[in-house]
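In what follows, every heavy atom counts, from backbone to side chain, and hydrogens, waters and symmetry copies are set aside. Quick note on labels: first sequence line is chain A, next is B, and so on, each numbered from 1.
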Number of protein chains: 2
Amino acid sequence: MNGTGTAAEDRVFAALANATRREVLRLLRERGPQPVQALAEHFDMRRPSLSEHLKVLREAGLVSEQRSGRQRIYRLEAAPLADVQDWLHPYERFWRGRLTGLGALLDRMPDDDQP
Amino acid sequence: MNGTGTAAEDRVFAALANATRREVLRLLRERGPQPVQALAEHFDMRRPSLSEHLKVLREAGLVSEQRSGRQRIYRLEAAPLADVQDWLHPYERFWRGRLTGLGALLDRMPDDDQP
DNA sequence: AGGATAGGTAGGTATTCTCCTACGCGTCAA
DNA sequence: TTGACGCGTAGGAGAATACCTACCTATCCT
């Protein structure tokens with residue numbers, strides 16, 4: 001279908017399942033691209049640990065790095081977050097106009113998949 | 001503000017960071033409330049393991065259970081997913097109209113938080 | 001009452017996560 | 001060239017996950 005299987009989805013959700021990594025994303029969003037040092041100031045954690053978090057974010061496609069001298073500038077890459085939003089879409093009817101039309105039907109419909 | 005701190009957010013994202021649990025949510029969304037048995041048919045996993053997944057989903061507020069005889073009917077509770085969508089909002093400008101207006105400014109702005 | 005059924009809990013194991021302390025590699029400045 | 005700086009990787013400890021096999025409770029049926 002799209003080349004990115006469940007593995008990619010797993011990596012993105014797993015990357016988001018950590019407060020430090022979500023905070024990194026917030027910092028990159030609010031303050032723009034930054035080197036590791038500047039990010040590290042906000043955390044009570046040694047830099048190697050933050051480096052590992054950045055690696056997880058990189059492998060999830062949520063950030064990219066660009067070398068500049070001896071610095072590595074990290075930048076937010078939001079495409080995977082758009083995928084998360086797409087993933088959420090089919091659930092929207094459950095918190096908007098909850099029991100109307102088809103929503104009501106499906107919401108009440110008991111399981112019909114028994115052998 | 002809302003009483004739910006980062007701990008609740010953590011539980012929700014952590015709950016979503018597993019393909020089995022996301023599949024449970026999908027089944028509840030597409031087929032309506034179901035007992036554990038019906039859900040278990042879809043997984044190559046013993047029922048106690050699925051029970052633990054359901055516990056994680058329950059503690060994240062993503063499902064609720066209603067006892068009916070000796071069955072437990074699980075139902076999707078989408079409110080935490082709405083919270084996820086709210087969490088995503090500030091990132092939207094990064095994948096829509098990427099480099100225009102304020103977006104462009106913030107996107108390029110280097111870090112200005114140095115002592 | 002006795003057995004079957006639905007589903008949770010206990011406890012164990014293998015793997016993964018998250019942090020740490022060393023250390024290595026490239027870059028810049030003296 | 002030598003040393004300091006920026007940042008990653010290696011390897012290890014402890015906690016958390018995700019599965020399993022028992023086993024327990026509650027409900028239903030005969």
Strand contacts (DNA chain C) in residues 49-58 of chain A, 4.0 angstrom heavy-atom criterion = A:S49, A:E52, A:H53
Can you tell me the distance, in whole Å, between the CZ atom of B:R21 and the C1' atom of D:dA16?
-> 12 Å
Let me know the distance between CZ of B:F43 and P of D:dC20, rounded to the nearest Å.
-> 13 Å
Does a side chain donor of either A:Q37 or A:Q71 reach within less than 3.5 Å of an acceptor in the other side chain?
-> no
Does A:H53 reach the side chain of A:V24, with side-chain heavy atoms less than 4.5 Å apart?
-> no
Give a yes/no on whether any side-chain N or O of B:R47 is located under 4.0 angstrom from OP1 or OP2 of D:dC20.
-> no
Less than 4.0 Å between a side-chain N and a carboxylate O, is that true for A:R58 and A:E65?
-> yes
Do A:V56 and A:R21 have side-chain heavy atoms sitting under 4.5 Å apart?
-> yes
Length of the CZ-C1' vector between A:R11 and C:dT16, whole Å = 15 Å
With sequence neighbours excluded, residues passing ring-ring contact (aromatic ring centres under 6.0 Å, His included) with A:Y74 | none
Specify the residues of residues 62-72 of chain A, ordered by number, for which at least one heavy atom lies under 4.0 angstrom from an atom of DNA chain C.
-> A:G69, A:R70
Taking atom P of C:dT27 as reference, at what distance in whole Å does atom CD1 of A:I73 sit?
-> 14 Å
For B:Q34 and C:dG7, give me the distance from atom CD to atom C1', rounded to whole Å.
-> 15 Å
Just checking A:Y74: base, sugar-phosphate only, or nothing, at a heavy-atom cut-off of under 4.0 Å?
-> sugar-phosphate
B:E52/B:K55 salt bridge by N-O under 4.0 Å criterion = no
State whether A:F94 and B:R29 meet the cation-pi test: NZ (Lys) or CZ (Arg) under 6.0 Å from the six-membered ring centroid, and within 45° of the perpendicular axis.
-> no
Is B:L39 reachable from B:I73 through a run of I, L, V, M, F, W or Y residues, each pair having side-chain heavy atoms under 4.5 Å apart?
-> no
Gap between atoms CZ and P, on B:R46 and D:dC20 respectively (whole Å) | 6 Å
Measure the distance from CG on B:D44 to P on D:dC20 and round it to the nearest whole Å.
-> 8 Å
Which residue lies more 5' along DNA chain C, comparing A:A14 with B:P48 via nearest heavy atoms | B:P48
Nucleotide D:dG8, atom C1' - distance to CD of A:Q37 in whole Å = 14 Å
Any donor-acceptor pair under 3.5 Å linking the side chain of B:R22 with the backbone of B:L16?
-> yes
Looking only at side-chain N and O atoms, does A:N18 come under 4.0 Å of OP1 or OP2 in C:dC17?
-> no
